[in-house]
Amino acid sequence: MLEPFFARSAAAVARDLIGARLFVGAAGGIIVETEAYDRSDPASHSFRGPTRRNASMFGPGGHLYVYFTYGMHWCANVVCGEEGEGVGVLMRALEPVAGLELMRAARPKAKTDRDLCRGPARLAQAFGITGADDGDDLRRGRIRVLDDGMEPPRAPHTGPRIGISEAVHEPWRWHVAGSRYVSK
DNA sequence: TAAAAGATCCCCT
DNA sequence: GGGGATCTTTTAT
C-alpha cells in the first residue's frame, strides 16, 4: 500500500516536500527547492515513456530515482504516484542542518556551507547519492525523507519555471521564498 | 553506428 | 556573464 503522502500528483508532493527533511545517516537538511516532473512535461525523462534509465521513475512512489547527466553529475528524485505513472520530484536544494562536516568532506569544492546542497548535483554529491541508490525505499533505506514534524516551518512558494515557454502556470517549481539556500 | 542533447557545475574574468 | 568539462541515453540513419 502506497503511503498517502507519495500517492499524489508531482506538483502536490513537490509543494509538501518544501520544509521536509532529507537524511543520509547523520547528515541531513531541510528541503528548500523542488521541481515536479510528470508525463505531460516535455522536459521530463518520463515524457516518452519507460526506458532502461528511467525505470525507477515508473516504479511505485516513495522510492528514489537517481540519474546521471552531463557526463559527471548525479541527481536525485522522489518518485510519486502509483507504479507505472512516471511521476517524480527533483530535489534541487537543501538547507544543511546536521552532519555538515560530513558534507564538507564529500564536497571539497564547496567554499562555503551555502554551496554544500545548493543545486541538484551538489546535493547528491554532499550526501554521496549515486546510481547505486537508484530505486531505494525512502522510508526504509539508507536515504530517508522525513515529512512530518517540520521545525521550523518553511512556507512553500511557487512561480513560473525559468526557460520554459509552455504551461508556465503549472505549479511545478517550488521554493522557500528568500532562502539563501535556493539555487536560483 | 553515429550524432546530438542533456532536470549541471566550476572556474575564469 | 560565459564557456569548458565529460559521457550516457536516446533517437535517427
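A, B, ... follow the sequence lines: proteins, then strands. Residue 1 opens every chain.
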query = Side-chain heavy atoms under 4.5 angstrom apart, residues restricted to Ile, Leu, Val, Met, Phe, Trp, Tyr: same cluster for A:Leu64 and A:Val13?
reply = yes
query = Between A:Val32 and A:Val182, which heavy-atom pair has the shortest distance, and what is it?
reply = O-CG2, 3.7 Å
ask   = Is there a residue in residues 127-137 of chain A whose heavy atoms reach under 4.0 Å of DNA chain B, and which residues are they?
value = none
query = Are A:Val24 and A:Leu116 grouped together when hydrophobic residues (ILVMFWY) are joined by side-chain heavy atoms under 4.5 angstrom apart?
reply = yes
ask   = Does any residue of residues 86-117 of chain A have a heavy atom under 4.0 Å from DNA chain C, and if so, which ones, in number order?
value = none
query = Can you find a side-chain donor-acceptor pair between A:Ser46 and A:Asn54 that sits under 3.5 Å?
reply = no
remark   = Minimal heavy-atom distance between A:Phe6 and A:Val79, with the atoms involved, is CD2-O, 4.1 Å
request  = Determine, using ring centers only, whether A:His45 and A:Tyr67 are less than 6.0 Å apart.
outcome  = yes
remark   = In 5'-to-3' order, the base (B), backbone-only (S) or no-contact (-) status of each nucleotide in nucleotides 3-13 of chain C, using a 4.0 angstrom heavy-atom cut-off, is --BBBSSSS--
query = For DNA chain B, which nucleotides open and close the run of contacts to chain A, 5' to 3', at under 4.0 angstrom from a non-hydrogen atom?
reply = B:dG6 to B:dC11
inquiry  = Please give the stem ranges for DNA chain B, sorted by first residue number, where a stem is three or more consecutive Watson-Crick or G-U pairs and both donor-acceptor distances are under 3.5 Å.
reply    = B:1-6 with C:7-12, B:8-12 with C:1-5
query = Under the side-chain hydrogen bond (donor to acceptor under 3.5 Å, both in side chains) test, which residues partner A:Ser9, sequence neighbours left out?
reply = none
ask   = Ion pair present between A:Glu95 and A:Arg180, side-chain N to carboxylate O less than 4.0 angstrom?
value = no
task = Scan A:Arg173, A:Arg118, A:His175 and name whichever one has a side chain to side chain donor-acceptor pair (under 3.5 Å) with A:Glu33.
result = A:Arg173
